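Have a look at the structure below before the remarks.
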Amino acid sequence: MTRNEAEIILKEHRQEHVLRGFDALSEQAQQELLTQISEVNWDDLALAGVQTEIPLGEISPLGAVEIAEINQRREEFEQAGYDAIRKGKVAALLLAGGMGTRLGLDKPKGELNVGIDKTLYLFECLIHNLMDVTSVAGNSIPLYIMTSEKNNDETIAFFEQHDYFGYPKEDVAFFVQEMAAAVDYDGKLLLEAPGRLATSPNGNGGWFSSLVKAGLLEDVHARGVEWINIFAVDNVLQRICDPAFIGATILSGKVSGSKVVRKVDAYEKMGVLCLEDGKPSVVEYYEMSKEMAESTDERGNLLYAFGVILNYIFRVDKLEEIVERHLPVHVVEKKIPYITEDGTPVKPEAPNGYKFETLVVDMIRMMDDNLPYEVAREKEFAPIKNLHGVDSLDSARELLIKNGVEL
Ligand code: UTP
């Protein structure tokens, strides 16, 4: 894009301020800014401050395979899962591209030390969890790690520095997700430095298309991977590539599976798995009517009882089929560091604008079917979103200790 073209497009969208001070930039910085401008998604920007809720279709409950049944059929499930793992059909994929703004670290979230008397990094915890499975299976599992432009180099350096926490390096591949420009509450593009737009990772929904763009689908095929288990960076207790979960999903004949926990009450703030127009779907707590949240079956159990915990398994051929499909864009209010007109950097204490993200839950809607698989929350759900309070480092430490992990 030339400067002229940039001027035209910025004028059209009333964003002329972006080129202020352009002449003072180095030639390279000018080029980089022009590239950033050419990559702005103007359709997304038009959503800023506009109500974007997508109307729900017809919702009906979706039963889970529950813990009692899992315990009864554990051997059968595990056997099927280990069989797939040993044949190399399963890969793990860590979503580590987020900014973790609520935690407020100035490094990748996975570098958080959850230890108390000893050091135990989040990344290390996750690798240990995965190695619990590989050591029984007797073979390694490919691990893909999605980072962002903001944390990729630091994340790779951290794994290198710690020798991949004992995981075979040749089975780990990093790839970078895409970025999206952020705006203030008036819809104006923010700058994070002179001549540089404030950008942030574009949400976790684009993980598969980013994997493809990075050329890693060839690796997936070359290794014979048929299933990918994706998981968040911040749930220290989660089981990764859990053979029983994998086996149950494969035996169910479905194209995807979701780990779920039973909600503590009707109003717990979790996305709930259900059917929408006959297809699996995650309905967010704020999208649920009171009637829906409180509805029960004849035994008094909640009909919409199972919340998702960002641990899913997808069949690769189904992912390939939907990769070109457009995921809805969510406009989220966040704290976005920026510079003022006179170049003063500001690190806001409260949200000051919008970011644009796609979410993995919307991918569930594109699946033909999905197996909700219940796990015990006190054993598998300890997300760290904040330092203190709900879903925090404090609460996760408590749960880790309860589960016998030495800290
Ligand atoms: P969160 O919803 O917790 O988002 O991500 P976040 O950006 O990390 O944290 P906050 O909201 O700013 O505090 C859930 C999972 O999805 C990943 C995160 O790394 C985490 O594992 N994620 C999120 C991405 O990989 N990319 C993104 O763009 C966003």
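Read the numbers this way: they start at 1 and go in the same order the structure lists the ligands and their atoms. The structure presented is a predicted model; accordingly, all values stated were derived computationally and were not measured.
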Looking at E76 and R73, is there a salt bridge between them, counting it only when a charged N and a carboxylate O are closer than 4.0 Å? yes
Among R74, K379, K259, whose salt bridge (charged side-chain N to carboxylate O under 4.0 Å, His left out) with D242 holds? K259
Suppose I only count heavy atoms of M146 and a 4.0 Å limit; which atoms of ligand 1 are within that range? 25 (O)
Is a salt bridge present between E268 and R262, judged by a nitrogen-to-oxygen distance below 4.0 Å? no
Examine F165 together with F123 and report whether their ring centres are nearer than 6.0 Å. no
SB check K107 E154 (cutoff 4.0 Å): no
If you have a sec, work out which protein heavy atom is nearest atom 16 (O) of ligand 1 and how many Å separate them, to one decimal? N204 ND2, 3.1 Å
Flag G97 as yes when one of its N or O atoms lies below 3.5 Å from any N or O atom of ligand 1, and as no otherwise. yes
Below the 3.5 angstrom mark, is there an N/O of A232, backbone or side chain, next to an N/O of ligand 1? no
For K11, is there an ion pair with E7 - N to carboxylate O distance below 4.0 angstrom? no
When distances are taken from atom 4 (O) of ligand 1, the protein heavy atom at minimum range is R102 NH2, 4.2 Å
Has K118 got more than 12 heavy atoms of other residues, nucleotides or ligands less than 6.0 Å from its NZ? yes
Among all protein heavy atoms, pick out the one at the shortest distance from atom 15 (C) of ligand 1; state its residue, atom name and that distance to 0.1 Å. L310 CD1, 3.7 Å
State whether the shortest distance between N or O atoms of G203 and N or O atoms of ligand 1 falls below 3.5 angstrom. yes
Measure centre to centre between the rings of F159 and F174, then say whether the value is under 6.0 Å. yes
Sidechain N-carboxylate O distance under 4.0 Å for E226, K318: no
Ranked by distance from atom 5 (O) of ligand 1, the top protein heavy atom is K385 NZ, 4.2 Å
Hey, is P201 touching ligand 1 through its side chain, its backbone, both or neither, going by heavy atoms under 4.0 Å? both
How far is atom 7 (O) of ligand 1 from its nearest protein heavy atom, and which residue and atom is that? M99 N, 3.1 Å
I need the atoms of ligand 1 closer than 4.0 Å to a non-hydrogen atom of K334, numbered in the order shown. 10 (P), 11 (O), 12 (O)
Can you report which non-hydrogen protein atom sits closest to atom 8 (O) of ligand 1, along with the distance? G100 N, 3.4 Å
Shortest protein heavy-atom distance from atom 26 (N) of ligand 1, along with the residue and atom involved: Q177 OE1, 2.6 Å
List every atom of ligand 1 that sits less than 4.0 Å from any heavy atom of D234, numbering the atoms from 1 in the order shown and giving each element. 3 (O)
How far does CG of D186 sit from CZ of R14, to the nearest 0.5 angstrom? 11.0 Å
Which atoms from ligand 1 have a heavy atom of T101 less than 4.0 Å away? 9 (O), 10 (P), 12 (O), 13 (O)
Please state which protein non-hydrogen atom is closest to atom 24 (C) of ligand 1 and give its distance, to 0.1 Å? G98 N, 3.2 Å
Evaluate the ring-ring contact (aromatic ring centres under 6.0 Å, His included) criterion for residues Y121 and F158: first the C-alpha distance (whole Å), next the side-chain angles of each, then the deciding distance (0.1 Å), finally the verdict. CA-CA 10 Å; Y121 300 108; F158 190 75; 5.0 Å; yes
Look only at interatomic distance and state if F231 has a nitrogen or oxygen under 3.5 Å from any nitrogen or oxygen of ligand 1. no
